Amino acid sequence: MNTLFGSEHCDLIAKRREWVFMLLAGLFLGTLGIINILGLSRFVDLTFTLGPLTIPMLLPLGVLPYPITFLCTDIISEFYGKQRANLVVWAGLLINLWILFILWIAGVLPPQVVLDPVTHLPPITHSDHAFFQIRILTMGGVIGSMVAYLVAQLLDVYLFHFWKDFTKGKHLWLRNNASTLVSQFVDTVIVISVAHYLVGILPENNKENAFSQLLLLIFSSYTFKAIIALLDTLPFYLAVFGLRRYFRLSTRSIPSSQILKMGYANNNATLS
């Protein structure tokens, strides 16, 4: 008869851990891919009023699902450690490069399409017009996002573990929000600025100069991300405590030696 910490139990927990890791990594990478392809293709206006104040919120489409990526890396950081979280971040960078390569090779393969020297697009009636328009926006967005993404995601992982060590594993809300709010601000400034100066992403607005529009877009995007970052504290708590039960993590009942055998680090077993 197997004991509580017998080989079958350890195998079950190990399979659960790997399955959850694959799910989180897949969600992260899949979201990242669709953001880079369609992220600048449309702007949505979620402007709202708060009493006498009007809060402008003009957002590129890619901003809407982007906070999910930070939630994924925070959960991975909590249960799998800094090394695996950084591994997922670097895998995302490779995904960005792969998207760039596919779009580049697809644009140069025959038959050759005559492009306007100013817009770099074929005539609007041409069957490839939509592809080349998405190609331009995506390539500009991916270059900006690669720089922003690498800086912001690595910063997020670093700050998450900094606050986790500083609070000795307590206060989930602090490490989740403090790491995400700072890293998303850095990401927003970099990706929007680079994408604008590469492909001119600003919506047409003759009433305001380009710099004012750029600041508005940065403000709107970051405001949205900050609101979502604060709101995702509850999902983060639910995910952490749900996965702790799913992985049968409890420092009171599982000896450290058994935690290490199952692939856990001591600091990942202490959740508050």
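Computed from a prediction, not measured in an experiment: that's the story for all the values here.
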- request: Applying side chain to side chain contact (heavy atoms under 4.5 Å, CB included), run through Y158 and N86 and close with a yes or a no.
  value: CA-CA 9 Å; Y158 170 80; N86 284 335; over 6 Å; no

- request: Using the side chain to side chain contact (heavy atoms under 4.5 Å, CB included) rule, take L100 and N36 through it: C-alpha gap first, then chi angles, then the decisive distance, then the call.
  value: CA-CA 10 Å; L100 272 181; N36 286 332; over 6 Å; no

task: Give the C-alpha distance, both sets of side-chain angles, the deciding distance and a yes or no for side chain to side chain contact (heavy atoms under 4.5 Å, CB included) between K225 and F185.
output: CA-CA 8 Å; K225 290 178 180 180; F185 176 75; over 6 Å; no

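Residues passing the side chain to side chain contact (heavy atoms under 4.5 Å, CB included) test with I95 are L29, I99, sequence neighbours excluded. Residues satisfying the salt bridge (charged side-chain N to carboxylate O under 4.0 Å, His left out) criterion with R84, sequence neighbours excluded, are E18.
For the pair T47 (side chain) and M57 (backbone), a donor-acceptor distance under 3.5 Å is present. Under the 3.5 Å distance criterion, the side-chain polar atoms of S220 are matched with a main-chain donor or acceptor of P56.
Tested against R175, the residues E78, H161, K170 include a single side chain to side chain contact (heavy atoms under 4.5 Å, CB included) partner, E78. For the pairing with I190, the side chain to side chain contact (heavy atoms under 4.5 Å, CB included) check across T188, V186, I192 returns one residue only, V186.
Stacking of R16 on the aromatic ring of Y246 is recorded, both the 6.0 Å distance cut-off and the 45° axial limit being met.
More than 12 heavy atoms of other residues, nucleotides or ligands lie within 6.0 Å of CZ in F21, so this atom counts as buried by the packing criterion. Surrounding CZ of F131 are more than 12 heavy atoms belonging to other residues, nucleotides or ligands, all under 6.0 Å away.
Shortest non-hydrogen contact noted between W104 and M139 is CB-CE, 4.2 Å. The two residues A25 and I76 come nearest to each other via the heavy atoms N-CD1, 4.4 Å. Nearest heavy atoms, P117 versus H120: O-CE1, 3.5 Å. When every heavy atom of L38 is checked against every heavy atom of S41, the shortest pair comes out as O-OG, 2.7 Å. Scanning all heavy atoms of the two residues, the minimum distance from W173 to Y237 falls at N-OH, 3.2 Å. T119 and I136 make their closest contact through O-CD1, 3.5 Å (heavy atoms, listed as atom of the first residue, atom of the second, distance).
Taken from CG in D74 to CG in D156, the straight-line distance is 4.5 Å, to the nearest 0.5 Å. Put simply, CG on L61 and CD1 on I37 are 12.0 Å apart, with the number rounded to the nearest 0.5 Å. We find the CG-CZ distance between L137 and F132 to be 13.5 Å, quoted to the nearest 0.5 Å. Atom CD1 of I124 sits about 4.5 Å away from atom NE2 of H129, to the nearest 0.5 Å. Within the model, atoms OG1 of T233 and CG of L238 stand 11.0 Å from one another, a figure rounded to the nearest 0.5 Å. The distance from atom CG of L155 to atom CD of Q184, rounded to the nearest 0.5 Å, is 11.0 Å.
No side-chain heavy atom of L121 sits under 4.5 Å from any side-chain heavy atom of D116. Between Y222 and V189 there is no side-chain heavy-atom pair separated by less than 4.5 Å. Looking at heavy atoms from C-beta onward, Y66 lies in side-chain contact with D187 at the 4.5 angstrom threshold. Between F236 and I75 there is a side-chain heavy-atom pair separated by less than 4.5 Å. Residues T54 and F48 are not in side-chain contact: their nearest non-hydrogen atoms beyond the backbone lie 4.5 Å or more apart. Between F79 and V20 the shortest side-chain heavy-atom distance does not fall below 4.5 Å. I68 places a side-chain heavy atom less than 4.5 Å from the side chain of C72. Residues F43 and L217 meet the side-chain proximity criterion, which asks for heavy atoms closer than 4.5 Å.
By the rule that hydrophobic residues join a cluster once side-chain heavy atoms approach within less than 4.5 Å of another member, L109 and V114 end up as members of separate clusters. Under a hydrophobic-cluster definition in which Ile, Leu, Val, Met, Phe, Trp and Tyr are linked whenever side-chain heavy atoms come within less than 4.5 Å, directly or via other members, V89 and L94 are assigned to the same cluster. When the side chains of ILVMFWY residues are joined at heavy-atom separations under 4.5 Å, either directly or via intervening members, F70 and L87 end up in two distinct hydrophobic clusters. Cluster membership for L231 and L27, using ILVMFWY side-chain heavy atoms within less than 4.5 angstrom, is not shared. When the side chains of ILVMFWY residues are joined at heavy-atom separations under 4.5 Å, either directly or via intervening members, W98 and I35 end up in a single hydrophobic cluster.
Taking the six-membered ring where the residue is Trp, W163 and F166 present perpendicular rings, their angle passing 60° and hence far from 30°.
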